[in-house]
Amino acid sequence: MSIDEQLSILKKGLADLIREADLRERLIQSEKSGRPLRVKAGFDPTAPDLHLGHTVLLRKMKHFQDLGHIPIFVIGDSTALIGDPTGRNITRPPMTAEEIAANAETYKTQVFKILDPARTEVRFNSEWLAQLRFEDMVRLCSKYTVARIMERDDFTKRYREGAAISMHELLYPLAQGYDSVALACDVEMGGTDQRFNLLVGRELQRDFGQAPQIVATVPLLEGTDGVEKMSKSKGNYIGITEPPKVMFRKVMQISDDLMWRYYELLTDATLQEIAAMRASDQPMQHKMALASRIIADYYSEQAASQARSDFDREVRHGDVPSDIETASVAPEASGNLAKLLVSLNMADSRTDAERKIKAGAAEVDGEKHRSMNLELQPGRSYLLHLGKKWKRIVVG
RNA sequence: GGACAGGUGGGUGAGUGGUUAAAGCCAACAGACUGUAAAUCUGUCCCUCCCUGCGAGGUACGAAGGUUCGAAUCCUUCCCUGUCCA
């Protein structure tokens, strides 16, 4: 494949590429020398589950991998001690070592749903960061000035607003930049919000006598609300390990406009194909196709079609779901429906359950049930439905 | 170390002694409507208990004490944040 072709694959969907000429140069060198490029992306092990927002980046790394280069997946176990201040206006609470270890493990397995494990490097940045002594830290800090660090949006903003900025947060960009030095990266990738951190890497590499890495950023994927970027903590995410059915439902819940964005960033559909779909008057069909496509990526075609038919039946026609869990309930649970729903995890609290029952959200055996009272007969089974939750119970 | 300002429910933000479990807005949840979504409308949005009622009780306005019949509102100490001065 020609360098131009390679470049155009790699450039597709990128938000920033600093700088394109450098990347071209490196691709040429790599081809000549047979040395693959080292393409790094760092992840904070803060959320235990990867979601579609992360996959925009991972898919791009896969493109590099497919062209013979080496993705380096850096798990920021040391930098997690700081907590990336990106996009934050408050200081993050630090995580415990146990949490970090557990989360990192989950990341590792999930990331290989996209990348080929045999040709991926997975590294923890504690490997080199934990080695640094105080003198090393001081030396590292001396390479950057306060004014330059404060150029970062988040810091400027927080500073201007009189919000707290702790000293250790200023170290984050330096630590991340040092990762690139330690790994001798050729390319570092991240979301557009990572731009600053990625650029710091270039400067530090220069200071350490390395060629500055190429910085490639991908757009941030909006979450299911269509407004904020997808994030676990905002609850607007679609996790790649969520059951197919849940994924399908969540994809269907995005707005029609957002769907085109998802097509662009989460599938290999070409821009022409997307434009054609967009011109048609079948948004729902295309959305269902999108959901199926995404599920097929992380599960299988079969799982996708199953999820699709479940959605058809359960959501569109309002039928009873096919895979309701059955729980057995002691006869003593008879009497109070709210209590029962809480014990079955169908409501957050008893007060919550009562509210929903009063609002007419509860059904027993398909009948709306507005009374708090539910007498259970031993041996019988009941079908409970509250909002999106269903459960079959057997008494006895 | 000194002076000053401030800390309210998921977010924002009212409220400066008494129908205040705490306005409004946003988010969220449930219901209706619907072709998925959106939009719209209705209701809800701390917890527990029961005789499920515009019911009873318990917690809650950084923390702990105090004043008062009564405090988010006043006082004291502490913690935290910011600004200015050293």
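Naming convention: chains lettered A, B, ... in sequence-line order (proteins, then strands); numbering from 1 in each chain. Predicted, not measured: the structure shown is a model, and the values here were computed from it.
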Check your understanding: Is any N or O donor-acceptor pair between the side chain of Asn336(A) and the base of U52(B) shorter than 3.5 Å?
Key -> yes
Exercise for review: Assign each of Lys356(A) and Lys368(A) to its nearest nucleotide of RNA chain B by heavy atoms, then name whichever residue's nucleotide is nearer the 5' end.
Suggested key: Lys356(A)
Exercise for review: Could you check Lys287(A) against Arg350(A) and say which one's nearest nucleotide on RNA chain B is further toward the 5' end?
Suggested key: Lys287(A)
Check your understanding: Is there a donor and acceptor pair closer than 3.5 Å between the side chain of Asp256(A) and the base of U36(B)?
Key -> yes
Check your understanding: On the ring face of Phe208(A), is Lys143(A) found with NZ or CZ under 6.0 Å from the centre and within 45° of the axis?
Key -> yes
Check your understanding: Just how far, in rounded Å, is C1' of U48(B) from CG of Leu341(A)?
Key -> 17 Å
Check your understanding: Whole-Å distance between A39(B) C1' and Gln253(A) CD?
Key -> 16 Å
Check your understanding: Over how many whole Å does the gap from Lys388(A) atom NZ to A28(B) atom P extend?
Key -> 10 Å
Check your understanding: Just checking, is any N or O donor in the side chain of Glu375(A) or Ser334(A) under 3.5 Å from an acceptor N or O on the other one?
Key -> yes
**Study point:** Whole-Å gap separating C1' (G31(B)) and NE2 (His369(A))
**Key:** 17 Å
Review point. Quick one: does Lys391(A)'s side chain have a donor or acceptor within less than 3.5 Å of a partner on Leu344(A)'s backbone?
Key: yes
Review point. Under 3.5 Å, is there a donor-acceptor pair between the Gln194(A) and Glu188(A) side chains?
Key: no
